[in-house]
Amino acid sequence: MVPKDHWVTEDSFVDLRDVKDEKFILSGLHHTTYFSSLLRNIFNTYGFEPQTHIESDFGSMILNLIGRGLGISILPYSYQFSLNTNLRFITLPENTELYINWRKNDNRKIIKNVIEYAVKLGKSYNRKFV
């Protein structure tokens, strides 16, 4: 995700090395969360350590900071639907696996509905479900 007036565009973007000298606004890469490990792997793939300008674990704050031109970030696909008009989403050629965890013996209807919806949504993106 970049500010609306950022120099890189979807058409000009080749890979993450294009923006290696940019200031990043990221979730802390030192954390042990799944998302942080995904980010570390992405940066390792492209062979550089990002210049983390601002660190935040709050997606809405990251969106607002990017919209103010304070840096760029890597956020999940769903963030492209934010209502912030000061942003541009640039698709990275990266895919990740997402998981749903639930208690095996939890038979609540809401759990069943969430699982069914996730499978349906995943199929609309041509993703494999196990």
Side-chain angles (χ1 to χ4, degrees):
M1 182 122 358
V2 298
K4 184 179 181 179
D5 61 351
H6 194 271
W7 61 269
V8 73
T9 66
E10 185 86 29
D11 292 333
S12 69
F13 184 79
V14 175
D15 67 40
L16 208 52
R17 288 177 287 244
D18 292 349
V19 292
K20 68 179 175 63
D21 296 325
E22 295 287 317
K23 293 179 180 176
F24 282 85
I25 303 170
L26 297 169
S27 179
L29 297 178
H30 58 279
H31 294 304
T32 58
T33 64
Y34 181 66
F35 185 65
S36 293
S37 68
L38 289 174
L39 288 176
R40 282 192 305 276
N41 287 337
I42 289 171
F43 289 114
N44 287 339
T45 297
Y46 292 98
F48 74 95
E49 183 78 22
Q51 295 178 42
T52 304
H53 179 61
I54 300 172
E55 202 175 281
S56 176
D57 292 325
F58 300 100
S60 59
M61 178 178 280
I62 292 173
L63 292 176
N64 286 323
L65 293 170
I66 296 167
R68 293 178 183 259
L70 297 175
I72 66 172
S73 191
I74 297 176
L75 293 169
Y77 176 82
S78 60
Y79 281 92
Q80 77 173 325
F81 303 108
S82 93
L83 299 177
N84 191 327
T85 58
N86 294 322
L87 305 171
R88 266 190 297 114
F89 186 85
I90 296 174
T91 305
L92 295 178
E94 308 295 327
N95 287 314
T96 188
E97 296 178 4
L98 297 177
Y99 302 91
I100 298 175
N101 294 308
W102 66 93
R103 291 180 189 97
K104 184 178 180 179
N105 296 321
D106 191 336
N107 295 320
R108 288 181 291 163
K109 185 173 176 136
I110 189 72
I111 302 293
K112 180 182 176 201
N113 291 343
V114 168
I115 294 167
E116 287 175 2
Y117 181 73
V119 169
K120 181 180 175 182
L121 185 62
K123 287 180 181 176
S124 72
Y125 288 103
N126 297 317
R127 301 293 188 240
K128 178 182 173 185
F129 283 85
V130 179

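Scope of the values below: all heavy atoms of this structure, side chains included, with no hydrogens, waters or symmetry mates.
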Considering non-hydrogen atoms only, spot the tightest contact between [X] and [Y] and give its length.
X	Y	result
D57	G28	OD1-N, 3.6 Å
W7	D18	CH2-O, 3.3 Å
M1	L87	SD-CD1, 3.5 Å
H30	E55	CE1-OE2, 2.8 Å
G71	P3	O-CD, 3.6 Å
S36	L29	O-CD2, 4.1 Å

Has T52 got a side-chain atom pairing as donor or acceptor with I54's backbone, closer than 3.5 angstrom?
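Such a contact is absent between T52 side chain and I54 backbone.
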Would you sort out whether N105 and R103 count as a side-chain contact (heavy atoms from CB on, under 4.5 Å), showing the intermediate values?
CA-CA 6 Å; N105 296 321; R103 291 180 189 97; 6.0 Å; no
Spacing of [atom1] belonging to [X] relative to [atom2] belonging to [Y], to within rounding of 0.5 Å:
X	Y	atom1	atom2	result
D15	E94	CG	CD	9.0 Å
F89	F81	CZ	CZ	8.0 Å
T33	H31	OG1	NE2	7.0 Å
K104	N107	NZ	CG	11.5 Å
R40	T45	CZ	OG1	12.5 Å

Do [X] and [Y] come close enough that some side-chain heavy atom pair is under 4.5 Å?
X	Y	answer
I72	H6	yes
Y79	S73	no
F13	L92	yes
E49	F43	no

What residues form a side chain to side chain contact (heavy atoms under 4.5 Å, CB included) with H53, not counting sequence neighbours?
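Residues passing side chain to side chain contact (heavy atoms under 4.5 Å, CB included) with H53: K23.
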Is it true that I90 and V14 fall in one hydrophobic cluster, defined by side-chain heavy atoms closer than 4.5 Å?
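As far as the 4.5 Å side-chain criterion goes, V14 and I90 are not connected within one cluster.
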Does a side-chain N-to-carboxylate-O contact under 4.0 Å join E116 and K120?
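No salt bridge links E116 with K120.
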Measure the acute angle between the ring planes of F24 and F48, then classify it against the limits of 30° and 60° as parallel, tilted or perpendicular.
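Taking F48 first and then F24, their aromatic rings sit tilted (interplane angle of 30° to 60°).
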side-chain contact (heavy atoms from CB on, under 4.5 Å) assessment of Y46 paired with K20
CA-CA 9 Å; Y46 292 98; K20 68 179 175 63; over 6 Å; no
Under the criterion side-chain contact (heavy atoms from CB on, under 4.5 Å), which of V8, I74, V2 is the partner of V19?
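When V8, I74, V2 are each tested with V19, the side-chain contact (heavy atoms from CB on, under 4.5 Å) holds only for V8.
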Show every donor-acceptor pair shorter than 3.5 Å between a side-chain atom in residues 58-68 and any protein atom, with sequence neighbours excluded, or say none if there are none.
from	atom 1	to	atom 2	distance (Å)
N64	ND2	S60	O	3.2

Show your reasoning for whether side-chain contact (heavy atoms from CB on, under 4.5 Å) applies to S37 and T32.
CA-CA 7 Å; S37 68; T32 58; over 6 Å; no
